[in-house]
Amino acid sequence: MSNVKPRLPKGMRDFLPQAMIKRDYVFGVVREVFHLYGFEPLQTPVMELRETLYGKYGADAEQLIFDAQHARSDKDPYALRYDLTVPLARVVAMYENELKFPFKRYHIAPVWRGERPQRGRYREFYQCDADIVGLASMAADAELISLLVTALQRLGFTSFVVKINNRKILTGMGQYSGVSDEQLPDLYRSVDKYDKVGAEGVQKELEERGIATDVVARMMELLQTHGEGTASLDFLARVMGHIPAAAEGIAELRQMADHMRALGVPSHLVSFDYTVVRGLGYYTGPIFETVISEPNLGSISGGGRYDDLIGLFRKTSLPTTGVSLGIERIIDLMDILGLYPPHIGGTLVEVLVTVFNEATQAESARLAAELRRAGIKTELYMDDAKYKLGKQFAHADQKQIPLVAVLGDDEIAQGVVKLKRLRDGYEQSVARADAAALVRQLLL
RNA sequence: GUGGUAGUAGCUCAAUGGCAGAGUGCCUGAUUGUGGAUCAGGUGGUUGUGGGUUCGAGCCCCAUCUACCACCCCA
């Protein structure tokens, strides 16, 4: 008999119950906030036609996308989705007559990438996106910021900043400084490393990419523009307001600022920062990124406006803006920063009902049923061997179940149940009818 | 995709080319109505996998897998 060696595909993970309880909590909080802002769920297949995915990524696609072919058919080649944005664009194009615009959907689901895994970077991971399709108004972008801030606050994050920029301003800066349109992608890629390599690093890289020293110098100065509130926008307007792209971008961010104020977004949690770039790709307007500022733990969300993408699947495009929470990173940080509320622990079981012996097993089962009817998450102890109280307490302790219900001959005779809280050893007997109420009280 | 580091008990890690170990965990008992603490006893391994060198390999060589790190790119 030769067993198959249990192994996981490279870059993919199992989540045991202890981890899933925490993940579900995070997903649940985020989902609740999405609902609060009127976003509704969308689900699409994990596979798309290869041609659907390759449209957006072109040449690089081969290296990044996981193919997923049926063994007995090579027609209609498939691939695992690479993100949730392309499926959204496809859905919008396919069902536009059935959807009500602006279309506000959220999507929490796994995506797959063929990249080499590293810590915090996997081949299978969850994305968590909210997008608004069909609205050009900056009200949409501002609403996403408000949603983002609310979600992070509800998860317990306090010291973070949503850094906001606009692709049009970056384009304007490039034009003002003398960067050619062909060099813009290079420029974006280099500036994206600002956080990592600093101003000197970006400057060096830009020069290495063959952009003239005086051009780089002008660019670097503009990039580092900063100020309270909209002061930096005023400055940029004075310097490069005559450049159409810049003027447009500046006006958009002003509108966003107005909308955010009306929505009550705390001003200390947002900041205009012209070093934000967001990869390469499809962004056309406002872009944003959230960083944990204290301590400096990197980026936990990103997003922006991509008004052209849906045009991939449709004659004319639709203005669209979206936000993506880096949910895997957020889950890591929840542990690092200790943000889980106390009741999110190693188990979701609230009380273990012990079984004193064979003869009283049925009575314990009845107690478990009573507690469950009252909505209490109850585990009824089960064992193939002998019922020993010590083992049952140890079981509860190891599984981190907070309460144990003891139901021995004495308790049954008196119509009571004895509850023990393991955290501090507090013990109390209570009439059966009041057991659920006492469980709730002891859980607080 | 390129380059580097590492893989020994469930976990964390030892072991000059010469008998594979410790701590922790787990099981049993001290304690047949109570977990954690203590004590006693017990359980722990094809040294990631496959080859090679050698009288002899956890250790050296080659390949491979996996994890991690730096690029590339990205979340």
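Below, each value reflects all heavy atoms present in this structure, side chains not excepted, and no hydrogens, waters or symmetry copies. Chain identifiers are assigned alphabetically (A, B, ...) following the order of the sequence lines, protein sequences preceding nucleic acid strands; residue numbering begins at 1 within each chain.
You'll find the side chain of Val416(A) stays beyond 4.5 Å of the side chain of Arg432(A), heavy atoms only. Inter-residue side-chain proximity for Val430(A) and Val417(A) is flagged as met; some heavy-atom pair is nearer than 4.5 Å. Side chains of Glu48(A) and Pro87(A) form a contact here, defined as non-hydrogen atoms less than 4.5 Å apart. In this structure, the side chains of Pro9(A) and Arg123(A) stay at 4.5 Å or more apart for every pair of heavy atoms.
Among the heavy atoms of the strands, none lies under 4.0 Å from Arg123(A). Across all strands, Val111(A) comes closer than 4.0 Å to no nucleic acid atom at all (heavy-atom distances). Base engagement by Gly425(A) is indicated by at least one non-hydrogen atom pair under 4.0 Å involving a base atom. Glu115(A) comes within contact range of at least one nucleobase, with a heavy-atom separation under 4.0 Å. Within the nucleic acid shown, Gly114(A) has no heavy atom closer than 4.0 Å to any nucleic acid atom.
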With side chain to side chain contact (heavy atoms under 4.5 Å, CB included) as the test, would you mind laying out the steps for Leu135(A) and Thr321(A) before giving the verdict? CA-CA 8 Å; Leu135(A) 203 62; Thr321(A) 185; over 6 Å; no
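Between the Asp273(A) side chain and the Lys163(A) main chain, no donor and acceptor come within less than 3.5 Å of each other.
Pairs passing the side-chain hydrogen bond (donor to acceptor under 3.5 Å, both in side chains) check and including a residue from residues 21-41 of chain A, sequence neighbours excluded, read Lys22(A)-Asp335(A), Arg23(A)-Glu328(A), His35(A)-Tyr106(A), Tyr37(A)-Ser146(A), Tyr37(A)-Thr150(A). Under the side-chain hydrogen bond (donor to acceptor under 3.5 Å, both in side chains) criterion, no residue pair touches residues 403-416 of chain A, with sequence neighbours excluded.
Between the side chain of Lys420(A) and the base of U34(B), a donor-acceptor pair under 3.5 Å is found.
Secondary structure note: stems in RNA chain B built from 3 or more consecutive Watson-Crick or G-U wobble pairs under 3.5 Å occupy B:1-7 with B:65-71, B:10-13 with B:21-24, B:26-30 with B:38-42, B:48-52 with B:60-64.
Using atom C1' as the reference point in both G56(B) and U5(B), the two lie 29 Å apart (nearest Å). Distance noted for atom P between U43(B) and U28(B): 15 Å (whole Å). With C1' as the reference atom, G48(B) and U66(B) are 8 Å apart, rounded to whole Å. Rounded to the nearest Å, the gap between the P atom of C59(B) and that of U2(B) is 27 Å. With both ends at atom P, the span from U24(B) to U38(B) equals 9 Å, rounded to whole Å. Separation of the P atoms belonging to U53(B) and G58(B) is 16 Å when rounded to the nearest angstrom. Spacing of C1' atoms, A70(B) relative to G21(B), comes out at 35 Å, to the nearest Å. The gap from the C1' atom of A9(B) to that of C68(B) amounts to 22 Å, rounded to the nearest Å.
At whole-Å resolution of the value, CZ in Phe125(A) and P in C73(B) are 17 Å apart. Counting to the nearest Å, the P atom of C73(B) and the CG atom of Asp83(A) are 18 Å from each other. The CG-C1' distance, from Asp410(A) to G33(B), rounds to 8 Å in whole Å. One can place CZ of Arg421(A) at 15 Å from C1' of G35(B), the figure rounded to the nearest angstrom. One can place CG of Leu8(A) at 11 Å from P of U66(B), the figure rounded to the nearest angstrom. Taking atom CD on Glu379(A) and atom P on G35(B), their separation rounds to 18 Å, with Å as the unit. The interatomic distance linking Asp383(A) (CG) with U34(B) (P) rounds to 16 Å, in whole Å.
Every residue two or more places apart in sequence or in another chain that forms a ring-ring contact (aromatic ring centres under 6.0 Å, His included) with Tyr381(A) is listed here: His395(A). For Thr225(A), the side-chain contact (heavy atoms from CB on, under 4.5 Å) partners are Ser232(A), Phe235(A), Leu236(A), Tyr274(A), not counting sequence neighbours. For Phe27(A), the ring-ring contact (aromatic ring centres under 6.0 Å, His included) criterion is met by Tyr126(A), not counting sequence neighbours. Shown here are the ring-ring contact (aromatic ring centres under 6.0 Å, His included) partners of Phe125(A), two or more places apart in sequence or in another chain: there are none. By the side-chain contact (heavy atoms from CB on, under 4.5 Å) test, Glu124(A) pairs with Met12(A), Pro110(A), Trp112(A), sequence neighbours left out.
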Could you write out each protein N or O paired with an N or O of nucleotides 63-65 of chain B at a distance under 3.5 Å?
{"unit_1": "C65(B)", "atom_1": "O2'", "unit_2": "Arg7(A)", "atom_2": "NH1", "d": "2.9"}

Produce the list of close N/O pairs, under 3.5 Å, pairing protein atoms with atoms of nucleotides 3-11 of chain B; give distances to one decimal.
{"unit_1": "G3(B)", "atom_1": "O6", "unit_2": "Arg116(A)", "atom_2": "NH2", "d": "2.7"}

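In this model, the phosphate group of U28(B) is not approached by any side-chain N or O of Lys386(A) to a distance below 4.0 Å at OP1 or OP2.
Considering only side-chain atoms of Arg113(A), the nucleotide from U34(B), A75(B), A67(B) that sits closest is A75(B). Comparing G33(B), A75(B), C71(B) against the side chain of Lys418(A) picks out G33(B) as the nearest. Here the side chain of Gln118(A) is nearest to one of C69(B), U34(B), A67(B), namely C69(B). Set against C68(B), G29(B), G33(B), the side chain of Glu411(A) has G33(B) as its closest nucleotide. Taking the side chain of Arg121(A) as heavy atoms from C-beta on, and the options G33(B), G29(B), C72(B), the nearest nucleotide is C72(B). Out of G33(B), C73(B), A75(B), the shortest distance to the side chain of Leu64(A) is found at C73(B). Here G33(B) is the nucleotide among G29(B), G33(B), C73(B) with the atom lying nearest to any side-chain atom of Leu389(A).
Residue Gln43(A) qualifies as open at atom CD: its count of foreign heavy atoms under 6.0 Å is 12 or below.
Relative orientation of the Tyr306(A) and Tyr283(A) rings is perpendicular, given thresholds of 30° and 60° on the angle between their planes.
Sorted by residue number, the list of members of residues 26-37 of chain A with any non-hydrogen atom under 4.0 Å from RNA chain B is empty. Sorted by residue number, the members of residues 391-399 of chain A with any non-hydrogen atom under 4.0 Å from RNA chain B read Phe393(A), Ala394(A), Asp397(A), Gln398(A).
The pair Asp131(A)-Lys104(A) does not count as a salt bridge, with every side-chain nitrogen at least 4.0 angstrom from each carboxylate oxygen.
Ser190(A) and Arg209(A) form a side-chain donor-acceptor contact under 3.5 Å, judged by distance and modelled atom types alone. There is no side-chain donor-acceptor pair under 3.5 Å between Asp308(A) and Thr284(A).
No aromatic stack links Phe356(A) and the base of G33(B), using centre distance under 5.5 Å and interplanar angle under 30°.
Cation-pi geometry between Arg50(A) and Tyr78(A) is not satisfied (NZ or CZ under 6.0 Å from the ring centre, within 45° of the ring normal).
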